Amino acid sequence: MVGGVDLDVGRIRAFIRVTEELHFGQAAATLAISQQALSKRIARLQSLLAAMLSQRGGNSVHLTEAAQRFLAPARHTVAAADAAVAAAVGDHRPCSTVSHAKELAVTHFSA
């Protein structure tokens with residue numbers, strides 16, 4: 001951990017979705033969570049990082065410089081987490097989504 005920050009992959013996924021949609025409502029819908037829950041995830045991530053990642057303006061979201069620097073490593077973190085889940089359940093194909101990883105876990109551990 002750098003500086004005592006323990007990041008949650010779910011919060012990172014939420015951040016990535018916001019960067020892709022540039023809209024909290026659409027990002028929340030894609031993640032199948034409420035906009036309030038998404039806002040809380042992003043707020044907690046920003047708090048943990050001690051950095052503002054986005055600024056809301058009307059119906060859009062503007063990424064800060066910190067967000068732009070964080071995005072590529074965040075994507076790598078999620079990919080590594082997906083690969084770890086796939087390896088744990090014996091699937092060596094890369095996972096691209098949480099739902100796929102959950103599906104694998106249910107398939108392999110529901111005996």
Side-chain angles (χ1 to χ4, degrees):
M1 286 188 296
V2 174
V5 176
D6 187 11
L7 296 177
D8 175 80
V9 176
R11 290 186 187 115
I12 297 171
R13 284 185 201 282
F15 163 75
I16 292 169
R17 181 56 59 192
V18 169
T19 68
E20 292 170 348
E21 301 287 345
L22 293 176
H23 190 279
F24 270 74
Q26 292 171 348
T30 302
L31 292 167
I33 61 174
S34 70
Q35 189 171 339
Q36 181 181 14
L38 176 60
S39 294
K40 286 182 180 183
R41 286 183 188 183
I42 298 301
R44 180 66 180 140
L45 181 60
Q46 291 178 140
S47 177
L48 288 168
L49 296 173
M52 288 297 296
L53 298 174
S54 64
Q55 297 174 336
R56 289 182 174 179
N59 288 330
S60 63
V61 175
H62 302 283
L63 301 180
T64 64
E65 287 183 33
Q68 293 171 10
R69 290 189 306 266
F70 183 63
L71 183 56
R75 289 182 190 276
H76 290 293
T77 299
V78 169
D82 287 345
V85 169
V89 298
D91 184 358
H92 301 292
R93 296 171 290 161
C95 295
S96 59
T97 65
V98 173
S99 60
H100 179 66
K102 285 181 182 177
E103 184 178 295
L104 289 172
V106 168
T107 301
H108 291 284
F109 294 115
S110 61

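Bear in mind that the values here come from a model prediction, so they are computed numbers and not experimental data. The residues of the chain are indexed from 1 along the displayed sequence.
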Item to check | Non-hydrogen side-chain atoms of Leu22 and Leu63 separated by less than 4.5 Å | outcome: yes

Item to check | Minimum heavy-atom distance between Val18 and Phe24, given as atom pair plus value | outcome: CG1-CE1, 3.9 Å

Next on the checklist: Is there a side-chain contact between Ile42 and Arg11 in this structure, where contact means two heavy atoms from C-beta onward sitting under 4.5 Å apart?
Outcome noted: no

Checklist entry - Do the side chains of Glu21 and Arg17 get nearer than 4.5 Å, heavy atoms only? => result yes

Checklist outcome for this item: Only residue of Ile16, Asp82, Ile12 satisfying side chain to side chain contact (heavy atoms under 4.5 Å, CB included) with Thr77 is Ile12

Checklist entry - For the side chain of Ser54 and the backbone of His62, is there at least one donor-acceptor N/O pair under 3.5 Å apart? => result no

Next on the checklist: Please give me the minimum heavy-atom distance between Asp8 and Gly10, naming the atom from each residue.
Outcome noted: OD2-N, 3.0 Å

Item to check | Nearest heavy atoms of Ala14 and Leu38, plus distance in Å | outcome: CB-CD1, 3.5 Å

Item to check | Value rounded to 0.5 Å, distance of CZ in Arg75 from CZ in Phe15 | outcome: 8.5 Å

Next on the checklist: Working to the nearest 0.5 angstrom, can you tell me the gap between Leu49 CG and Leu7 CG?
Outcome noted: 5.5 Å

Item to check | Approximate separation, where rounding is to 0.5 Å, of Gln68 CD and Thr19 OG1 | outcome: 10.0 Å

Item to check | Flag, side chain of Thr30 to backbone of Gln26, donor-acceptor distance under 3.5 Å | outcome: yes

Checklist entry - Closest heavy-atom contact between Leu53 and Gln46? => result N-OE1, 2.8 Å

Next on the checklist: Heavy-atom count check: over 12 atoms from other residues, nucleotides or ligands less than 6.0 Å from Glu20 CD?
Outcome noted: yes

